[in-house]
Amino acid sequence: MAQMASEGRKWGRLRVAGWAMAAALWLLPLAAMQFTDEVNWDVFDFAVFGSMLIGAGVVCELAVWTTRSTAYRSAVGVAVVAAFLLVWINLAVGIIGSEHNPANLMYGGVLAIAIIGSVISRFKPSGMARALSATAVAQALVGITALAFGLGSQTPSVPQAIVLSTGFFTLLWLLSAFLFLKATHIPTSGVAP
């Protein structure tokens, strides 16, 4: 009983730290705008970024409240970070060329596979492992497609960015899938303390 209370306090502190970090990230562009003209956000930019942070936080909260499995919680965290960064990078600068290049919309399909696969699996660890593995394959296919068809290759650094980002995100999706697979051997039901 004492161990459960201790674990509950630990997760409580981590959750407070996570929300504090989200608030600090949300205010970071505002601070940067005071020192440089390179960052020029308007109310819409802050609203979109704030919505993304809240959405990521809520998904993590749900994982904490619905399972006691550290592997499952970690898998959700990795997947949320991957999805968040994929959306943020595409909105900010784009991966395939600029953020205005329509080829970047292919990454929406990657996220759709993750979301639809998660819903179909009813968020069960083994199904989530398969869904995130499929997401990793989709991520790799987007990168391969972009390189094969020379999408965004007008800028010399774009192919390198595509290769690096494809590798980075594919590894994140696979790490999440591995953690979900690890969570299949651990009970996931029950409300966390």
Side-chain angles (χ1 to χ4, degrees), residues 11 14-15 18-19 22 25 48-96 99 101-149 151-152 161-192:
W11 281 104
L14 284 172
R15 289 175 30 232
W19 284 110
L25 275 173
V48 169
F49 190 52
S51 299
M52 289 173 56
L53 289 167
I54 290 169
V58 167
V59 170
C60 289
E61 283 284 343
L62 287 172
V64 168
W65 282 104
T66 58
T67 182
R68 292 184 180 173
S69 167
T70 302
Y72 191 97
R73 289 173 175 178
S74 299
V76 169
V78 170
V80 165
V81 166
F84 183 89
L85 289 175
L86 189 61
V87 171
W88 190 16
I89 291 169
N90 269 303
L91 288 176
V93 296
I95 294 173
I96 303 171
E99 68 273 18
N101 189 334
N104 283 306
L105 293 174
M106 289 189 291
Y107 293 110
V110 172
L111 296 175
I113 288 170
I115 293 166
I116 293 168
S118 299
V119 171
I120 289 171
S121 73
R122 291 195 266 173
F123 305 99
K124 301 289 185 206
S126 60
M128 293 294 289
R130 287 190 294 275
L132 274 292
S133 295
T135 304
V137 170
Q139 182 79 46
L141 288 175
V142 168
I144 291 167
T145 301
L147 292 171
F149 290 100
L151 302 175
I162 292 170
V163 169
L164 290 174
S165 65
T166 298
F168 174 73
F169 285 109
T170 300
L171 286 175
L172 284 179
W173 298 123
L174 288 173
L175 174 60
S176 181
F178 170 77
L179 290 168
F180 277 120
L181 193 59
K182 188 174 176 184
T184 59
H185 306 295
I186 302 168
T188 60
S189 62
V191 176

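Owing to the predicted nature of the structure, the values given are computational and were not obtained by experimental measurement. The analysis underlying the following values was restricted to heavy atoms, covering all of them including side chains, and did not include hydrogens, waters or symmetry mates.
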Heavy-atom check, side chain of L171 versus side chain of L175, under 4.5 Å: no
I116 CD1: over 12 foreign heavy atoms closer than 6.0 Å: no
Minimum heavy-atom distance A103-L151, with the two atoms named: CB-CD1, 3.9 Å
Working for side-chain contact (heavy atoms from CB on, under 4.5 Å), residues Y107 and V87: CA-CA 8 Å; Y107 293 110; V87 171; over 6 Å; no
Distance (rounded to the nearest 0.5 Å) between R73 CZ and C60 SG: 11.0 Å
Nearest-0.5 Å distance that lies between atom CG in L85 and atom CD1 in I95: 9.5 Å
Residues that W88 engages under ring pair (Phe, Tyr, Trp, His ring centres under 6.0 Å), provided they are two or more places apart: F49, F84
Side chain proximity check, T145 to M106, heavy atoms < 4.5 angstrom: yes
Distance, nearest 0.5 Å, that separates NZ of K182 from OG1 of T184: 11.0 Å
Working for side-chain contact (heavy atoms from CB on, under 4.5 Å), residues L91 and M52: CA-CA 11 Å; L91 288 176; M52 289 173 56; 4.0 Å; yes
Spacing of S69 atom OG and H185 atom NE2 [to the nearest 0.5 Å]: 11.0 Å
Sequence neighbours excluded - side-chain hydrogen bond (donor to acceptor under 3.5 Å, both in side chains) pairs with any residue from residues 162-172: none
Test item: S176 side-chain N/O and A75 main-chain N/O as donor-acceptor pair under 3.5 Å: yes
Pairwise side-chain contact, F169 with V110, heavy-atom cut-off 4.5 Å (strictly under): no
Rounded distance [0.5 Å steps], CZ in F180 versus OG in S121: 8.0 Å
Gap between atom CD1 of I96 and atom CG of L105 - 0.5 Å precision: 9.5 Å
Close side-chain approach of L179 and Y72, heavy atoms under 4.5 Å: no
Pairwise side-chain contact, L14 with W19, heavy-atom cut-off 4.5 Å (strictly under): no
Flag, side chain of N104 to backbone of N90, donor-acceptor distance under 3.5 Å: no
Using a 3.5 Å cut-off and no angle test, enumerate the donor-acceptor pairs between side-chain atoms of residues 126-144 and protein atoms at least two apart in sequence or in another chain.
from	atom 1	to	atom 2	distance (Å)
S133	OG	A129	O	2.8
T135	OG1	A114	N	3.4
T135	OG1	A131	O	2.8
Q139	OE1	W173	NE1	3.1

